[in-house]
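Presented below is the structure to which this report refers.
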Amino acid sequence: MAALVLCLSATPTLAQSFLGTGPTERLTLPPAGEPFRAAPPRPQGQGPLGQGPLGQGPQGQGTQGQGPQGQPPEANPARRGMAVVAAVEAARRFPAGARGYRLAGEEDALQFPVYLTEAQARGSAKLRVSYLSAISVAPESSELSGSVNGTKVGWTRIQAPGAVKVVEFPIPEGLLRPGYNAVALAASQRHRVDCSTEATYELWTQIDPSRSGLVVGQAADLDLKTLAALEPDESGALPIGVLLTERPSPERLERMIGAVQAVALVGRLARPAVSFGQALSGRAGLNLVVGTAAEIRGTEGLEELGPITGPRVAVLAPRGSRAPTVVVTGPSAADVRQAIATLAASGDGSGTPAGTRLAELSRGYPVQGGESLTLEQLGVASREFNGRLLRVGFAVRFPADFVPADYGKVILHLAGGYAAGLEPSARIVVDINGRNAASVPLPYSRGEVFTDSAIPLPLSLWRPGLNRVEISAQLPTAADRTCDTLAPGAKRARFLFLDRTRIDVPALARAVRSPDLAAVKAGAVPFLAPGLSPAGPRPRLVLPTPDRDSASAAATLAARLAIAAGRVIDFEIGSDEREAGGGAHLIVAPVRALTPAALEAVGLDPAQIRGIWEGRAETVATPGPFGAEGVVTLDRLRRNLPMRCALPALTTPLRTAAAVPAQAPVQATPPAPAPDPAEAPADSEADLFARWDESARGLGVVPAVLANAWTGLIQRAAETRDLALRLAGGPAPEAVPLNPRASVIIAQGAGGRLADGTVLVTAPNASMLKASVSCLVDPVVWTGLVGQAAFLDASDGSLSTVQPKRIGLIETQSRGLANLRLVSAAWLSLNPGAYVAMTLVMALCLGLATTSLVRQLGRRNR
């Protein structure tokens with residue numbers, strides 16, 4: 001035994017790498033955008049480093065990169081502790097989506113629409129998946145599979161709890177097509193030691209977007225119709241570098257931002273990342289040159305265009321390490337604007353049937369009201385399930401001027417069945433946007449098959465824009481207590497879900513709630529709202545300090561709003577928010593460049609903002625070797641944080657101010673998992689007794705609806721008093737409560753008309769503004785914008801929102817009795833005090849009328 005221990009201790013320790021064997025607390029990526037660096041020369045006959053002895057695994061399992069398993073011991077002892085870097089071809093990464101990159105639960109799937117040019121679709125290709133899994137995932141009963149256009153190309157056991165593992169699946173020739181292709185990653189996961197329903201929430205597999213994708217050649221045959229083939233970066237965003245050699249005029253900056261919006265529309269992006277300055281290098285993204293022929297004279301590569309005699313849009317192929325370049329030019333400013341319109345109208349939606357359908361569904365199935373949709377139309381397939389918690393999700397997109405309120409219900413008609421032997425706690429739970437909407441028990445121990453089990457879902461839980469619906473079936477059995485995975489019944493199906501399940505959407509009230517950031521992120525309201533005339537005033541993009549970082553943040557926001565609106569928004573650039581005229585205002589600036597009136601217009605207190613950002617405003621960003629977004633770490637992958645949600649390094653330490661006392665309820669909506677907050681201290685026994693005693697004595701006498709109505713009337717009276725005092729020159733009402741951890745604030749001011757609306761985006765300084773906006777436009781974060789104000793902590797992507805104290809409705813549709821009835825019902829449901837008051841007045845009138853009528857009938861008793 002001693003000799004064996006001595007031999008083992010004499011064996012040199014192999015260096016560990018990103019591919020699965022090595023220091024796992026920090027991962028780094030090359031700054032040039034290439035995912036892997038070249039490997040050092042190797043002895044003849046040895047395979048590429050990081051790939052090991054590649055070959056087909058059992059049952060079609062894909063090849064895996066596990067680190068240098070067959071490498072001989074390093075001769076130089078000084079190199080034993082050094083990380084080994086793999087030499088693997090670059091991959092065409094997956095685009096960012098609203099679901100992120102995590103496979104959670106016992107069964108889950110992610111789908112990505114990937115556009116390829118004709119040259120990329122030809123020849124050999126591989127599907128590469130880089131992933132990290134939870135330690136609770138049992139590798140012997142869990143697998144990760146990949147499919148392309150509905151054809152399964154490979155699978156592997158899930159076993160990567162301590163380090164990222166890379167697997168590759170060869171794609172049969174001819175399976176990829178020019179245009180959009182549907183790439184799907186599916187995970188079937190089981191717990192190691194726990195068979196309870198609660199344990200299923202511990203199962204996850206995190207896809208690393210920086211190294212996952214299709215291993216195909218670079219798109220060297222790009223043209224206007226194939227701009228969707230532009231490759232995203234390691235975070236799933238498309239970098240757009242606007243070439244700038246001098247300070248542009250406001251008119252030229254307008255055209256640049258318009259061209260950025262056009263590129264975002266053509267590429268069907270969900271996450272743009274715009275920067276002004278030098279040209280981008282690497283495979284990811286593109287460079288954008290915008291201006292008249294005189295303004296862009298001298299730019300490298302323009303000699304290929306020849307004489308410019310009219311509106312011109314051209315795509316220049318990559319040169320060396322330089323990314324592709326799109327040129328938008330013309331002899332005059334009017335020609336440049338026409339070229340931008342040509343660019344926005346170009347693009348190609350072709351591809352495989354599965355790919356084109358997925359590209360349309362990636363933004364959610366559009367709903368206008370009055371539809372009946374089967375889940376097969378929404379991309380959900382029938383399935384049998386043998387686990388403990390089944391999750392089925394889909395996304396629908398409501399209009400930007402939809403009024404969420406309790407005036408109707410969406411009816412979910414379930415079709416399927418469940419097996420016999422389930423516990424009495426078995427049930428079906430429906431969540432809408434992360435909030436519980438319905439819970440239905442599965443009562444029969446003998447099982448049941450149903451074809452139309454109706455579940456009402458209130459309209460108040462839906463919101464303008466993208467809505468995520470998740471149907472969960474909790475299916476515990478008595479056998480789960482023993483947790484015998486080898487028992488004969490362990491693989492027996494417990495639930496059947498059929499794709500003929502449908503949802504019936506009622507007629508929707510069409511008006512814009514003001515203020516409400518949900519309408520802004522859903523359809524760029526009020527800058528391009530339904531019902532607005534195209535000949536009306538142009539919306540204004542206000543840049544008080546048009547430096548590069550502020551302009552980059554404004555262009556990124558404009559591109560994201562154009563994606564929501566589905567068209568280019570013709571912004572007018574200005575530097576002073578106090579200028580009269582124009583349409584709605586989008587103000588993007590560091591807080592020191594804003595006037596107190598601009599902050600007060602959206603309900604913010606300048607003194608409070610100065611208090612929480614006093615230290616941050618003095619800091620200066622110092623980008624690291626991989627830019628202001630930082631680097632990839634295993635900790636960020638485990639926490640499922642958006643990769644661009646990372647603040648830049650700062651030259652001076654930040655001071656976090658004390659929390660401002662909240663004056664209104666703040667709703668936390670975490671778009672990405674973050675550290676669990678500390679639990680609040682439990683109430684004392686005396687507090688609990690007092691609260692229950694008060695509840696029993698108060699609400700036992702007065703109905704709850706009257707109590708709520710009385711509270712609403714008191715609140716409305718206070719609002720009326722505040723408004724009167726403000727008009728009379730008295731003190732302003734209490735401002736929106738602030739989140740001291742916020743790195744950027746998004747707030748909207750209330751207005752009687754859409755053209756009077758103001759949306760403010762501000763941060764402590766310009767560098768933090770750019771980094772925070774890059775996090776804000778991530779689809780996972782962007783879908784959480786609701787309410788009057790939102791506070792984003794860009795270090796982890798956590799978002800907190802504040803609902804307005806008073807909500808107004810602004811008309812967007814032509815007046816009609818049907819919509820007027822729905823809007824009135826919605827307004828009454830949002831104002832229960834007014835509803836109760838109207839009911840009491842009507843009851844009083846009915847009583848008086850009845851008394852006066854009865855008084856004239858019959859015979860008086862004398």
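Basis for what follows: all heavy atoms, side chains included, without hydrogens, waters or symmetry-related copies.
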Are the side chains of [X] and [Y] in touch, meaning some heavy atoms are under 4.5 Å apart?
X      : Y      : result
Phe112 : Leu185 : yes
Asp549 : Leu769 : no
Leu760 : Leu594 : yes
Arg513 : Pro464 : no
Arg548 : Lys770 : no
Ile569 : Gln261 : yes
Val260 : Leu288 : yes

Check: [Y] main-chain N/O paired with [X] side-chain donor or acceptor under 3.5 Å:
X      : Y      : answer
Asn287 : Leu280 : yes
Ser133 : Ala160 : yes
Thr783 : Val780 : yes
Thr762 : Val591 : yes
Arg636 : Asp796 : no

Practice problem: Give the intermediate values and the outcome of side chain to side chain contact (heavy atoms under 4.5 Å, CB included) for residues Val786 and Leu517. | Solution: CA-CA 5 Å; Val786 292; Leu517 293 174; 5.7 Å; no
Practice problem: Kindly give the heavy-atom pair with the smallest separation between Pro590 and Pro764, and that separation in Å. | Solution: CB-O, 4.4 Å
Quiz item: Under the side chain to side chain contact (heavy atoms under 4.5 Å, CB included) criterion, do Leu785 and Leu799 qualify, and how do the steps go?
Solution: CA-CA 8 Å; Leu785 286 179; Leu799 190 73; 4.1 Å; yes
Quiz item: Step by step, would you call Leu286 with Ile240 a side chain to side chain contact (heavy atoms under 4.5 Å, CB included)?
Solution: CA-CA 5 Å; Leu286 82 157; Ile240 302 176; 3.7 Å; yes
Quiz item: Using the benzene-type ring in the case of Trp, are the ring centres of Phe394 and Tyr365 under 6.0 Å apart?
Solution: no
Exercise. Test Glu234 against Arg93 for side chain to side chain contact (heavy atoms under 4.5 Å, CB included), laying out the working first.
Key: CA-CA 7 Å; Glu234 63 275 4; Arg93 302 182 183 98; 4.1 Å; yes
Exercise. Specify whether Tyr115 and Tyr180 have parallel, tilted or perpendicular ring planes, treating 30° as the upper limit for parallel and 60° as the lower limit for perpendicular.
Key: perpendicular
Practice problem: Carefully, step by step, assess Gln206 and Asn640 under the rule side-chain hydrogen bond (donor to acceptor under 3.5 Å, both in side chains). | Solution: CA-CA 7 Å; Gln206 180 71 29; Asn640 191 24; 3.2 Å; yes
